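Before I ask anything, let me first share the structure, which is written out below as structure tokens.
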Amino acid sequence: MADAAAKLLAGNLVAFPTETVYGLGADACNAEAVAKIYSAKGRPTDHPLIVHVASMGVLSEWADHVPEYAISLARDFWPGPMTLVIRRSKLARDFVTGGQDTVGIRVPAHPVALGLLEAFAQIGGKGIAAPSANRFGSVSPTNAQAVVAELGEYLTYQDRILDGGPCDVGLESTIIDCTGDAPEILRPGAITEEMINKSTNIKIGSKFVYTDEDLPGITINGKPIEIQAIRVSGSLENHYSPKATVLLDQSPLPGQGFIAMAGVVSGEGVIRLAEPTTHDEFARILYTALRAADEQGLETVVVLQPKGTGIAVAIRDRLVKASRK
Ligand code: TXA
Ligand code: MG
């Protein structure tokens, strides 16, 4: 931890595990270090980065005008899979916020992330700017091997990748806009709308509306299956796409990859990539399964979207984005 923190303070990159996905970190106050993130990722520089901090105690260093409901969210869900977008303080410079007057802040729950953040704070670091540790537009890494595959060739010998094993949640954090009178979900995740409502006592409006329209008559092995369509805001940059084409809610053909809840039969010649038994497990293994499709050179992966609320909302959000090319 001390070595990695020192590397960060010296302006190098450190990829580290969080409970959501692996992040590619740099000193959030060092413009040159942050620029290295953008070049390693191949990401446009006007896209804002999340600043990771060790505790909610330093929230006021990074943010101004923190609303009451944001404090309540921070108390309830930090450390955890939640990012708050708040009016920035002077500490949050344009090179981190993409020139916006807000900053995204998160206290991650992974012990390695927290250990790194604490070691970094001890030597004077204010926060670690970190996007997901993948090339721009591709699938977020949920283990250290995936970070190496994504970014190995773009890092130097001064940079580090910390291996903390597979991520627990497997999908990126819930991003909540805290600049208005009420919280608004910008990206769904493991902290769900229901949890936010309960914590803040505010019934939030959701952009993530489900409709039953446009549903094709889908059958698997002759049995009809019921699927809910989802409409998402496409406002965030990420595509979350593997190389393989992702098709949603249809019958897989022989030679195609297939991801669906356990209990759904694959059919002959179909390459089953995952059969989770719960939605939490679905979230946890989804990106590994999409990566496996690429490693096996599959052209197409068919995914049956999980239904209902909770983390299933976030799973569908990423799947819809992955299927748009
Ligand atoms: O779980 C996560 O959030 C992971 C781990 C490493 O913390 N990080 C992550 O970062 O997913 P990234 O950069 O891949 O996605 C963050 C998203 C981007 O789409 C970015 O545009 C948005 O958050 N974002 C960051 N700061 C923002 C701000 N001030 N206002 C609006 N959107 C913001
Ligand atoms: Mg990302």
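Counting starts at 1 for both ligands and their atoms, following the listed order. All of these numbers come straight from a predicted model, not from anything done at the bench. Positions are given from 1 along the sequence.
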Exercise for the section: Could you tell me whether R284 and E19 have a side-chain N and a carboxylate O separated by less than 4.0 Å? Expected result: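 Here R284 does not pair with E19 in a salt bridge, since their nearest N and O are not under 4.0 Å apart.
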
Handout entry: Proximal ligand 1 atoms for R43, defined as those under 4.0 Å from one of its heavy atoms
Key =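 Atoms satisfying the 4.0 Å criterion: 12 (P), 13 (O), 14 (O).
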
Handout entry: the Mg ion (ligand 2) to nearest N/O/S of S132 below 2.8 Å
Key = yes

Exercise for the section: Check each atom of ligand 1 against the heavy atoms of G23 and keep those under 4.0 Å away; list them by number with element. Expected result: 6 (C)

Problem - For V103, the ligand 1 atoms whose distance to one of its heavy atoms is below 4.0 Å - result: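 Numbered from 1, ligand 1 contributes 29 (N).
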
Handout entry: Atoms of ligand 1 close to V85 [distance to a heavy atom under 4.0 angstrom, numbered from 1]
Key = 28 (C), 29 (N), 30 (N)

Practice task
For atom 25 (C) of ligand 1, state which one of G99, P141, P48 supplies the nearest heavy atom.
Solution key: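 Heavy atom nearest to atom 25 (C) of ligand 1 belongs to P48.
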
Exercise for the section: Under 4.0 Å from a heavy atom of H52: give me the atoms of ligand 1 that qualify, with their elements. Expected result: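 The atoms of ligand 1 under 4.0 Å from a heavy atom of H52 are 5 (C), 6 (C), 7 (O).
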
Exercise for the section: May I ask you to check whether E194 and T192 show a side-chain donor-acceptor distance below 3.5 Å? Expected result: yes

Handout entry: Contacting atoms of ligand 1, where contact means under 4.0 angstrom from a heavy atom of R187
Key =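 Atoms satisfying the 4.0 Å criterion: 2 (C), 3 (O), 9 (C), 11 (O), 15 (O), 16 (C), 17 (C).
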
Handout entry: Side-chain donor-acceptor contact under 3.5 Å, S72 with S199
Key = yes

Problem - Pair R160 + D3: basic N to acidic O under 4.0 Å - result: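 Result for this pair is yes, salt bridge flagged.
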
Problem - NZ/NE/NH1/NH2 to OD/OE distance under 4.0 Å, R88 and E61 - result: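 A salt bridge is absent here (no side-chain N lies under 4.0 Å from a carboxylate O).
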
Exercise for the section: Heavy-atom contacts with V21 under 4.0 Å: which atoms of ligand 1 show up? List them by number with element. Expected result: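 Listed by number with element, the hits are 4 (C).
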
Practice task
Please say whether the positively charged group of R43, taken as NZ for Lys or CZ for Arg, lies over the ring of F136, i.e. under 6.0 angstrom from the six-membered ring centre and within 45 degrees of the axis.
Solution key: no

Problem - Atom indices of ligand 1 within 4.0 angstrom of T102 heavy atoms, with elements - result: 28 (C), 29 (N), 30 (N)

Handout entry: Pair S173, R187: side-chain N/O donor-acceptor within cut-off below 3.5 Å
Key =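 A pair is found: one side chain offers a donor N or O, the other an acceptor, under 3.5 Å apart.
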
